[in-house]
Amino acid sequence: MTEDQFFTEKPQANILVQVVQRYIPFWPVFVVLAGISLAIAHVYLRAQTKMYVASAKVLIKDPQKSSSELQVLEGLTRMSEKKSMENEIIVLRSSTLMRKVVKELNLYSSSFNEGKVQTEALYKNNAPVLFEAINKDSITGGGKHYFDINWANNSISINGQTVSLS
């Protein structure tokens, strides 16, 4: 090939065709890598703990603003003395208030489903069984208790003791 022929030859017009022809023999490698990537992504997403976001706003009226607003606040809180906003925030964060919430919402026991990939927490409608304490004031840590539900016999087995659900 002479120098004149080298400069007079035109390169192929479509570069996309060149790229496709160059990588077409490796298509099985691309398919296998895509399959492996999708499988890893599936397992990763199943293993992740579900995260929920909750937020709330509480309006605390300042006692120095107006007397009518103060009367409304006193009616809601059943407290006649004037308190600052910092005291109201401390009341909201208090352990006695948290204990009351835990008792009323039955948050003292949790049910979990131990799967092959992840342990999932079960709440309200997802839980097959709800446990309610007889005396909510004397609850102590009970540890783990495994249970198995036999839907055919309509029974539950907790720590080796079988009880009918009906």
**Report entry** Least distance between heavy atoms, Q48 atom then Q118 atom
**Finding:** O-NE2, 2.8 Å
Query raised in the report: With N126, which residues qualify under side-chain hydrogen bond (donor to acceptor under 3.5 Å, both in side chains), at least two apart?
Result: none
**Report entry** Interatomic spacing from CD1 in I149 to CD1 in I158 - rounded to 0.5 Å
**Finding:** 8.5 Å
Report task. State which residues pass side-chain hydrogen bond (donor to acceptor under 3.5 Å, both in side chains) with N159; sequence neighbours excluded, sorted by chain then number. Result -> H145
Report summary line: One should read off an interatomic distance between T162 OG1 and F147 CZ, to the nearest 0.5 angstrom, of 13.5 Å
Requested in this report: Kindly work out whether a path of hydrophobic side-chain contacts (I/L/V/M/F/W/Y, heavy atoms less than 4.5 Å apart) joins W151 to I156.
Outcome: yes
Query raised in the report: Is it true that atom CD of Q161 has more than 12 heavy atoms of other residues, nucleotides or ligands lying nearer than 6.0 Å?
Result: no
Report task. Grab the two heavy atoms, one from Y23 and one from F30, that are nearest each other, plus how far apart they are. Result -> O-CE1, 4.1 Å
Report summary line: On a heavy-atom basis, the closest approach of R22 and F26 is O-CE1, 4.0 Å
Query raised in the report: Taking all atoms of both residues into account, what is the closest heavy-atom pair of F112 and L122, and its distance?
Result: C-CD1, 4.3 Å
Report task. Please round to the nearest 0.5 Å and tell me the distance separating atom CD of Q21 and atom CG of L16. Result -> 10.0 Å
Query - N150 vs S157 side-chain heavy atoms within contact, under 4.5 Å - result: no
